[in-house]
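Quick note on labels: first sequence line is chain A, next is B, and so on, each numbered from 1.
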Amino acid sequence: MQHEGSLPMTTTAQRQVEPRYDAVAIDRKWQERWERDGIYRVEDSDPRPKWFEMTMYPYPSGDLHIGHWYAMAPSDAHARFRRMQGYNVLHPIGFDAFGLPAENAAISRGVHPYEWTMSNVENMRRQLRSLGAIYDWDREVVCCLPEYYRWNQWFFIKLYEKGLAYRAKAPVVWCPSCQTVLANEQVLNGVCERCDTPITRRDFEQWFFRITDYADELLDFDTLDDWPDKILTMQRNWIGRSEGVEIGFDISDYGLEEREIRTFTTRIDTIFGVTFIVLAPEHPLVPKLTSESKRAEVEAYVERARASSEIDRLSADREKTGVFIGASARNRLNNEQVPIYVADYVLTTYGTGAVMGVPAHDDRDLEFARKFRLPVRTVIAPIEWDGREPTEAYLGNGFMTNSGAYEGMTNEEGTAAISKDVEGRGWGHRTVTYRLRDWLISRQRYWGTPIPMVYCDDCGVQPVPESELPVLLPEDAEFRPTGESPLAINESFVNTVCPNCGGPGRRETDTMDTFMDSSWYMLRYCTPQFDGGPFEADTTADWMPVRQYTGGAEHAVMHLLYSRFFIKSLRDMGMLDIDEPFLRLFNQGVILGSDHEKMSKSRGNVVNPDDVVGQVGADAVRCFLMFIGPWDQGGPWSDEGINGVVRWLNRMWNLVEYDAGELDSSPTDPAAVRDTQRVLHQTIRKCYDDLDKFKFNTSIAALMELVNHLSRVWNDQSVDSATWRDSTEKFLLMLAPIAPHVAEELWERTGHAYSVHQQPFPKWDDDLAAEDEITLVVQVNGRVRDRITVSAGIGEDEARQLALDSQRVQAHVDGKTVRNVVYVPGRLVNVVVG
RNA sequence: GCCGAAGUGGCGGAAUGGUAGACGCGCCGGUCUCAAAAACCGGUGGGAUAAUAUCCCGUGUCAGUUCGAGUCUGACCUUCGGCACCA
């Protein structure tokens with residue numbers, strides 16, 4: 001999930017500003033105390049309202065990267081803020097511990113994936129503790145352990161029994177030299193990253209989950225409280241619902257079992273403009289229809305297409321390629337024979353894997369027709385059409401032309417009429433297609449959850465009985481490429497008995513996609529030790545759905561769609577009574593190196609949090625990460641920038657440590673007291689609103705302004721000790737969620753009862769926060785010409801008069817006619833002259 | 001290429017359609033010091049000007065809507081995330 005790769009760290013620059021307190025000792029002191037007292041232990045029975053706030057769990061890549069801190073420190077601050085608002089907050093942590101990097105480490109370093117993963121987990125636990133987060137470690141989830149993955153297997157069987165898991169052939173990327181399946185990541189520019197051999201694709205029988213059964217429901221975002229619009233848009237586009245018509249083109253002349261080519265179109269109104277048919281290279285009819293004279297050419301083309309990626313194939317930039325297969329099909333609406341091509345811009349995974357080519361009204365078809373000199377026939381006439389062939393495909397609405405009985409209809413009418421007629425004659429039917437494909441769950445890898453299925457010659461595919469779970473991942477496996485799944489080598493794993501007949505059986509040797517683990521881990525956090533099922537229903541029902549989820553936007557579609565599907569399918573199996581896993585979502589951005597580039601070992605711009613925390617303490621790092629800028633935008637790390645935060649913490653430390661009693665030996669200025677109260681209460685309001693909305697940067701800026709103000713009034717000795725104490729106390733409470741260690745330390749030093757983290761967030765008073773005077777901006781024709789200080793309660797008439805009376809305004813109005821005066825209460829007066 | 005975002009001082013950024021540049025970094029000046037660092041105080045978008053008076057320019061580019069646009073609309077440019085086996 002959070003995947004900051006394991007990278008060598010550069011040593012950070014010598015810092016000029018050092019904390020004026022012993023940050024490392026304070027971190028350690030309070031982390032140990034909180035742990036000992038268990039103040040972050042989460043009780044299911046706690047009567048306060050529950051708030052389940054999750055951050056995407058990390059992949060245990062080795063070292064905690066500053067990117068992990070960027071994901072986790074602000075989310076912890078937000079969860080702490082919810083605690084202070086009076087919620088019983090569950091803010092858990094775990095490890096996304098299955099996956100490819102562990103196998104890569106096994107191959108390159110000879111370490112077993114288990115050893116590699118668990119030692120990384122151990123290290124990252126230590127590093128995560130240094131954050132000072134409110135994680136309840138008793139609820140940790142590590143999904144490569146049998147007590148977790150057995151439930152992956154349990155769910156798999158439930159989905160299988162429900163008809164939501166099935167087997168089908170699907171291509172995988174294959175390196176012919178390594179004789180192994182490659183991940184997309186292992187392919188660079190079409191060649192295997194290990195041996196530089198050009199890749200190809202092979203078809204394997206693999207397991208799928210029927211996420212497409214839920215496509216329509218996944219498009220319903222109504223119950224999602226607060227998800228970024230961009231994520232919803234991306235999911236909507238990813239699902240890609242299209243209404244259209246599946247229509248057959250007659251190929252009965254060829255005497256095949258298939259008597260037609262089925263194509264899907266969203267533009268049945270353009271059916272009279274079809275001048276060719278294109279099949280995907282993988283389409284089963286390609287070998288059957290290809291003429292002998294074209295066979296060699298077609299086969300070579302198909303082989304080439306299998307080597308190219310979908311991104312390349314779909315690129316509208318690339319010149320269209322294709323081959324005529326020496327066959328034709330009949331368009332039943334006009335009885336025309338049209339040639340059949342194979343071309344890689346058509347994919348088997350969308351629609352029917354075959355398209356009707358209408359070059360006049362589709363960009364890609366037009367490009368293809370031009371390349372192969374195929375006719376272009378306009379069948380939808382633009383509203384004011386001069387009758388000439390357009391130079392671009394016309395995608396808009398118009399009147400049906402060259403369209404037989406439908407001539408002269410609008411194309412909307414034509415769509416309806418043709419759809420109806422086509423259905424009446426049995427040539428096709430209206431249907432809905434999705435760009436979304438079923439979820440391919442099989443991986444030909446070792447380090448994952450074994451798929452709990454057995455193949456029996458007599459009984460076919462059989463699920464492993466629930467009582468025999470987990471199917472343990474055997475320790476011994478061959479990681480080096482052999483052409484087979486690593487588990488297939490292990491005879492004692494593979495050979496088993498058929499659960500149905502007791503005869504010999506062979507286990508499935510593929511493992512599951514790691515998105516399986518992350519699809520339901522939120523449920524496991526609720527009752528992590530429960531062994532009667534993946535989760536205990538009642539307690540989990542109390543916590544779920546997750547009230548707030550945070551993580552990287554790279555998971556906008558896949559992970560988030562899979563887990564939404566998972567929860568819906570569990571609901572339909574009666575295990576849960578919720579529709580969505582995550583009510584609210586917030587995506588943080590990416591932290592960059594101080595050179596504003598993505599952190600990478602080759603750039604040498606990687607920051608090691610252990611180093612920085614060792615110098616300035618966890619709180620300064622937390623504050624700086626939150627202060628960089630808006631959390632959802634990410635931003636560059638800065639060794640210099642963190643000085644500002646350290647300096648601020650030093651200044652506030654001093655202020656809080658002053659002996660407030662000194663103030664009472666000098667006269668008190670009532671105006672300063674009033675100002676201090678106003679600034680304090682405005683800060684509370686600002687801080688509260690901003691923390692609520694993940695606007696950490698501006699809430700810290702507000703706290704800095706409060707410190708600046710307090711610093712001034714201390715220098716002036718202008719307030720009384722009670723005002724001072726009230727201000728610093730409330731300040732510490734606001735500081736607590738973002739800088740938990742120093743806030744706790746100063747809370748103790750100022751004589752408060754342990755713990756600051758068990759206090760409510762301070763409340764503001766609107767009267768105390770109110771301004772007495774405001775600055776009224778006076779504009780002439782929208783340009784600022786004067787600013788006048790007026791009472792906050794000024795009336796409209798008075799404000800207009802003051803504006804018109806202004807000498808600066810009169811200088812600009814002089815000799816012109818005042819046409820309008822715009823008044824915005826509390827803000828401005830704009831005098832419009834001309 | 002397709003889908004989704006983001007472009008504001010030297011830098012990170014702030015700004016319910018209403019004072020552009022809050023807060024911080026850096027820099028400049030001052031206090032303290034034998035000196036430096038730290039700390040503290042003050043200044044800091046560009047230009048014209050003797051001026052902290054006043055005026056002009058300024059939020060990626062070009063148009064538009066509006067009394068008023070960083071903010072809304074359209075087109076374009078650049079950068080970033082995703083594209084189904086990295087997680």
Side-chain angles (χ1 to χ4, degrees), chain A residues 1-5 16-18 20 56 58-59 61 96 98-101 104 172-173 181-187 228-231 233-234 236-238 240 309-318 349 435-437 439-440 442-445 513-515 518 552-559 561 587 589-590 592 594 596 598 624 627-630 632-638 640-645 647-648 650-651 654 697-698 700-705 708 711 715 775-784 786-787 808 811 819-822 824 826-834:
Chain A
M1 301 292 294
Q2 313 278 358
H3 69 108
E4 305 304 339
Q16 294 180 314
V17 181
E18 298 296 333
R20 101 178 5 170
M56 291 178 187
Y59 180 79
S61 54
D96 186 16
F98 272 138
L100 188 62
N104 289 340
V172 293
V173 181
V181 176
L182 298 180
N184 288 340
E185 193 193 45
Q186 297 173 301
V187 182
D229 285 338
K230 66 165 185 168
I231 302 289
T233 305
M234 280 193 257
R236 199 176 288 116
N237 293 340
W238 183 264
S309 74
E310 258 180 43
I311 293 175
D312 287 341
R313 284 173 60 168
L314 288 171
S315 168
D317 231 16
R318 202 178 61 148
T349 49
R435 207 187 73 95
L436 179 70
R437 313 202 285 250
W439 175 10
L440 195 164
S442 300
R443 297 292 182 269
Q444 294 73 39
R445 303 196 190 290
D513 179 5
T514 56
F515 278 129
S518 54
E554 68 272 17
H555 293 298
V557 275
M558 299 173 63
H559 159 59
L561 217 44
N587 296 117
V590 178
L592 305 171
S594 47
H596 295 211
K598 214 176 153 173
F624 179 63
F627 186 62
I628 289 174
D632 54 349
Q633 281 174 36
W637 176 264
S638 166
E640 286 169 340
I642 198 170
N643 284 337
V645 165
R647 210 171 269 147
W648 171 60
N650 283 342
R651 273 155 54 81
N654 270 3
N697 57 327
T698 47
I700 291 174
L703 290 174
M704 286 176 169
E705 288 186 77
N708 291 345
S711 179
N715 288 347
T775 300
L776 198 61
V777 170
V778 185
Q779 300 180 331
V780 177
N781 287 348
R783 315 192 68 125
V784 179
D786 201 1
R787 297 175 175 86
R808 290 185 180 131
R819 305 206 178 275
N820 193 10
V821 179
V822 179
V824 181
R827 290 252 176 211
L828 61 70
V829 179
N830 185 15
V831 181
V832 184
V833 299

Can you give one letter per nucleotide of nucleotides 64-73 of chain B, going 5' to 3': B for a protein heavy atom under 4.0 Å from the base, S for sugar-phosphate only, - for none?
---B------
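- The shortest distance between side-chain heavy atoms of A:M558 and A:W439 does not fall below 4.5 Å.
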Output the pairing pattern of RNA chain B as a dot-bracket string, 5' first, Watson-Crick or G-U wobble with both distances under 3.5 Å, | for cross-strand pairs, [ ] for crossing pairs.
(((((((..(((.....[....)))((((((.......))))))((((.....))))..(((((..]....))))))))))))....
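- Aromatic ring orientation, A:H559 versus A:F515: parallel (interplanar angle below 30°, classes split at 30° and 60°).
- The side chain of A:F627 has B:rC23 as its nearest neighbour among B:rC23, B:rC86, B:rU19.
- The base of B:rC85 sits with one of its N or O atoms less than 3.5 Å from a complementary donor or acceptor on the side chain of A:Q444.
- The main-chain N or O of A:N820 is never found under 3.5 Å from a side-chain atom of A:N830 such that the two would form a donor-acceptor pair.
- The closest side-chain heavy-atom distance from A:V778 to A:R808 is not below 4.5 Å.
- Looking at residues two or more places apart in sequence or on another chain, you find no side-chain hydrogen bond (donor to acceptor under 3.5 Å, both in side chains) involving A:N781.
- The nucleotide whose nearest atom lies closest to any side-chain atom of A:L440 is, among B:rA22, B:rC25, B:rC85, B:rC85.
- Distances shown here put a side-chain N or O of A:R651 below 4.0 Å from the OP1 or OP2 atom of B:rC40.
- Here the options are A:I642, A:V645, A:L703, the test is side-chain contact (heavy atoms from CB on, under 4.5 Å), and the partner is A:F627; only A:V645 passes.
- The listed nucleotides are B:rG81, B:rG4, B:rC86; the one nearest the side chain of A:K598 is B:rG81.
- Glycosidic torsion of B:rG9 falls within 90° of 0, placing the base in syn.
- Between the CD1 atom of A:I700 and the P atom of B:rC25 there is a distance of 13 Å, given to the nearest Å.
- Among the nucleotides B:rC85, B:rG24, B:rC83, the one closest to the side chain of A:M704 is B:rG24.
- Each of B:rA84, B:rA39, B:rC23 was ranked by its minimum atom distance to the side chain of A:M558; first place goes to B:rA84.
- Side-chain contact between A:L440 and A:D513: absent, with no pair of heavy atoms (C-beta onward) separated by less than 4.5 Å.
- B:rU59 and B:rA20: their P atoms are spaced 12 Å apart (whole Å).
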